[in-house]
Number of protein chains: 2
Amino acid sequence: MNRSTPTPPTGTDAGLAAALRMAVGRLARRLRAQRPDSSLSLGQGSVLFALARHGKMTPGALADHEKVQPPSMTRIIAALEARGLVRRMRHPDDGRQQLVEITEEGSRLVAADQQRREAWLTRRLAELSQEDKEVLRRATEILDRLSQS
Amino acid sequence: MNRSTPTPPTGTDAGLAAALRMAVGRLARRLRAQRPDSSLSLGQGSVLFALARHGKMTPGALADHEKVQPPSMTRIIAALEARGLVRRMRHPDDGRQQLVEITEEGSRLVAADQQRREAWLTRRLAELSQEDKEVLRRATEILDRLSQS
DNA sequence: ATGACTCATTACTTTTGCTAACGATGTCTC
DNA sequence: GAGACATCGTTAGCAAAAGTAATGAGTCAT
């Protein structure tokens, strides 16, 4: 029953919450450590990826999407813009807002960096059974839902 | 308010890796924000919980277990010790090492704090279907395995 | 007994997020 | 239309958490 891995009692919602929280924290740290120097931070990558997927978005929408406060998003966008990966435009209808758009170079980086950035995790995933990966695929959706709620 | 759910293409290992990485990052941020002031940090809680489960451990083993560098673990242990939740002992066989042990008060806090600490996540989990929770239960184990490998 | 290695710690830096306050723009009411 | 109010993004200042490099104490093989 008890492996070397920490396996809290997941029988109750609270127990599952404890175990999940720790697992998520550890994996987040691990992923951060795995990040190559030349690459983007977790937050930057997440935003760039969102832009690649969803097209233009306002900073506010991005902040909402990423569950960070607007000032944090300002910083992330500024970093991306400084590297030429993202471009700002005035919102056509509302002068207060802006639209952030991924640049050509940003798109290339997303594509090229994808493999490098997720290399470690991808390798790990490749070692899993098809069944385990299916569990993670479904869990990812659930986790996203949790974060949004 | 919430736009389209961020659902990267999870068909490939790399796509799943990207989606999982972002989901984990977001949830980690969300959990961090949800933490009450009077309580332990994520790292502290995780360490205390590990000690409650595994008994005495050396700082190095804890750092390894938590995927943190030794100095970070030193800080976490110091914080826990300052609050009387943890006690240090000399290693019987090796003077370089120490053994960290949870105190009575630490154990009490683990038990009492558990519910408060995971309150938000527990609430969210309670809203999920039994099937979703089962997915997360299995995913938690897989995530732990990933972090360790 | 000494030189290399290991473990934990200290000192310093980096990363990353937060809150509060501000300026610019839009909206609403009279 | 003009002034009050709200909204959006930014700036400024701060705090938490983790990383790297260097230090000190202890162990072990030769």
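Chain A is the first sequence line, chain B the second, and so forth, proteins listed ahead of strands; every chain is numbered from 1. For the numbers below, each heavy atom of this structure counts, side chains included, while hydrogens, waters and symmetry mates do not.
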Peer 1: Taking heavy atoms of chain B and a 4.0 Å limit, find me the 5'-most and 3'-most nucleotide of DNA chain D within that range.
Peer 2: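 Footprint of chain B along DNA chain D, 5' to 3': D:dA17 to D:dT27.
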Peer 1: How would nucleotides 14-24 of chain C be written as a contact map, 5' to 3', with B for base contact, S for sugar-phosphate-only contact and - for no contact, using protein heavy atoms under 4.0 Å?
Peer 2: --BBBBB----
Peer 1: Using the salt bridge (Lys or Arg N to Asp or Glu O under 4.0 Å) criterion, which residues pair with B:Arg88? Sequence neighbours excluded.
Peer 2: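 Once residues adjacent in sequence are excluded, the partners of B:Arg88 under the salt bridge (Lys or Arg N to Asp or Glu O under 4.0 Å) criterion are B:Glu81.
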Peer 1: Starting from C1' on C:dC7, measure out to CZ on B:Arg90 and report it in whole angstrom.
Peer 2: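 Roughly 13 Å, once rounded to whole Å.
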Peer 1: When you check the gap from the basic side-chain N to the acidic O, do B:Glu105 and B:Arg108 get nearer than 4.0 Å?
Peer 2: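 Salt bridge between B:Glu105 and B:Arg108, a charged N being under 4.0 Å from a carboxylate O: no.
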Peer 1: State which residues pass salt bridge (Lys or Arg N to Asp or Glu O under 4.0 Å) with A:Arg96; sequence neighbours excluded, sorted by chain then number.
Peer 2: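 With sequence neighbours excluded, A:Arg96 shows a salt bridge (Lys or Arg N to Asp or Glu O under 4.0 Å) to A:Asp94, given in chain and number order.
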Peer 1: What residue pairs, at least two apart or across chains, pass salt bridge (Lys or Arg N to Asp or Glu O under 4.0 Å) with a residue in residues 43-52 of chain B?
Peer 2: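 The answer is none; no pair qualifies.
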Peer 1: Whole angstroms only, please: what is the CG-P distance between B:Asp93 and C:dT6?
Peer 2: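 Going from B:Asp93 (CG) to C:dT6 (P), I get 18 Å.
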Peer 1: For B:Asp64, give me all partners under salt bridge (Lys or Arg N to Asp or Glu O under 4.0 Å), at least two apart in sequence or on another chain.
Peer 2: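 Here no residue qualifies.
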Peer 1: Of all residues at least two apart in sequence or in a different chain, which pass the salt bridge (Lys or Arg N to Asp or Glu O under 4.0 Å) check with A:Lys133?
Peer 2: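 Partners of A:Lys133 by the salt bridge (Lys or Arg N to Asp or Glu O under 4.0 Å) criterion, ordered by chain and then number, come out as B:Asp13.
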Peer 1: Who are the side-chain hydrogen bond (donor to acceptor under 3.5 Å, both in side chains) partners of B:Glu131, not counting sequence neighbours?
Peer 2: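 So B:Glu131 forms a side-chain hydrogen bond (donor to acceptor under 3.5 Å, both in side chains) with A:Arg138.
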Peer 1: Any side-chain N or O of B:Gln98 under 4.0 Å from OP1/OP2 of C:dT9?
Peer 2: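 The answer is yes; a side-chain N or O of B:Gln98 sits under 4.0 Å from OP1 or OP2.
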Peer 1: Between C:dT6 atom C1' and B:Asp64 atom CG, what is the distance in whole Å?
Peer 2: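 In whole Å, C:dT6 C1' and B:Asp64 CG are 14 Å from each other.
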Peer 1: Mind checking side-chain hydrogen bond (donor to acceptor under 3.5 Å, both in side chains) for B:Arg137 and listing every partner two or more places apart, or none if nothing turns up?
Peer 2: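 Counting only residues at least two positions away or on another chain, B:Arg137 forms a side-chain hydrogen bond (donor to acceptor under 3.5 Å, both in side chains) with B:Glu134.
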